[in-house]
Amino acid sequence: MSKIDFFEKVYQVCRQIPYGKLTTYGAVAKAVGSPLAARMVGWALNKSSSLENPVPAHRVLNRNGMLTGKKAFSHPHLMEELLLQEGHKIVDDIVIDFKESFWQPNILI
DNA sequence: CACTTGACGTCGT
DNA sequence: GACGACGCCAAGT
């Protein structure tokens, strides 16, 4: 694929997440060619709030399916509400049907 | 310019 | 199986 910035890859991958599907930082990191750079995915998504074309960051969770980044949203419960709105079950900030709704992004190196 | 932090993941103990 | 430490890459201070 084209040589685009790490962040832009992250944005593209996240925008490919279908409605009602979920993925992890690690999966996205792997998709962009740096499986061990999951932290950067979170950083990119945090910065994505300033983008003109926002990404569905609420569909990206950690390996446990936990809403670790919910506090980075406008309102901490926004992420949870969005996920609930998409038909997910959340208990104690953890998506119950996470593994069932997991979506593996396409690898774009 | 060097150190610390940050929405994580994996390996080792 | 739980807890701790290290690694990853970039941005902020």
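Worth saying up front: this structure is predicted, and the values here are computed from it rather than measured. Below, chains carry the letters A, B, ... as their sequence lines are ordered, and counting in each starts from 1. The analysis underlying the following values was restricted to heavy atoms, covering all of them including side chains, and did not include hydrogens, waters or symmetry mates.
- Nearest heavy atoms, A:Gly20 versus A:Ser101: O-CB, 3.8 Å.
- Between the side chains of A:Glu86 and A:His58, a donor-acceptor pair is found at a separation under 3.5 Å.
- For the contact set between residues 69-93 of chain A and DNA chain C, defined by any heavy atom under 4.0 Å, there are no members.
- Under a hydrophobic-cluster definition in which Ile, Leu, Val, Met, Phe, Trp and Tyr are linked whenever side-chain heavy atoms come within less than 4.5 Å, directly or via other members, A:Leu83 and A:Ile94 are assigned to different clusters.
- Rounded to the nearest 0.5 Å, atoms NZ (A:Lys70) and CG (A:Leu82) are 13.5 Å apart.
- The CG atom of A:Asn46 sits 10 Å away from the P atom of B:dC8 (whole-angstrom rounding).
- Taking hydrophobic clusters as Ile, Leu, Val, Met, Phe, Trp and Tyr residues chained together by side-chain heavy-atom distances below 4.5 Å, A:Val60 does not share a cluster with A:Val95.
- Side-chain contact between A:Gln16 and A:Leu108 is present, with heavy atoms from C-beta onward closer than 4.5 Å.
- Scanning DNA chain C for stems, defined as runs of 3 or more consecutive Watson-Crick or G-U wobble pairs whose donor-acceptor distances all fall under 3.5 Å, gives the following ranges: B:2-6 with C:9-13, B:8-13 with C:2-7.
- Contacts between residues 13-42 of chain A and DNA chain C, counted as heavy-atom distances below 4.0 Å, involve A:Leu36, A:Arg39, A:Met40.
- Heavy-atom distances under 4.0 Å link DNA chain C to no residue of residues 57-65 of chain A.
- Between A:Tyr19 and A:Arg59 there is a side-chain heavy-atom pair separated by less than 4.5 Å.
- A donor-acceptor contact shorter than 3.5 Å links the side chain of A:Thr24 to the backbone of A:Ala27.
- Boundaries of the chain A contact region on DNA chain C are C:dG7 to C:dA11, first to last in 5' to 3' order (nucleotide atom under 4.0 Å from a heavy atom).
- A 4.5 Å side-chain heavy-atom check between A:Tyr11 and A:Lys47 finds at least one atom pair inside the cut-off.
- The side-chain contact (heavy atoms from CB on, under 4.5 Å) check on A:Lys21 picks up A:Ile17, A:Pro18, A:Trp103, with sequence neighbours excluded.
- Residue A:Leu36 is not grouped with residue A:Val32 when hydrophobic side chains (ILVMFWY) are merged at heavy-atom distances under 4.5 angstrom, including chains of intermediate members.
- The heavy-atom pair separating A:Thr23 from A:Pro105 by the smallest distance is OG1-CD, 3.6 Å.
- Residues A:Phe102 and A:Tyr25 are members of separate hydrophobic clusters, defined by side-chain heavy-atom contacts under 4.5 angstrom among Ile, Leu, Val, Met, Phe, Trp and Tyr.
- Shortest non-hydrogen contact noted between A:Ser48 and A:Val55 is OG-CG2, 3.6 Å.
- Under a hydrophobic-cluster definition in which Ile, Leu, Val, Met, Phe, Trp and Tyr are linked whenever side-chain heavy atoms come within less than 4.5 Å, directly or via other members, A:Ile90 and A:Leu78 are assigned to the same cluster.
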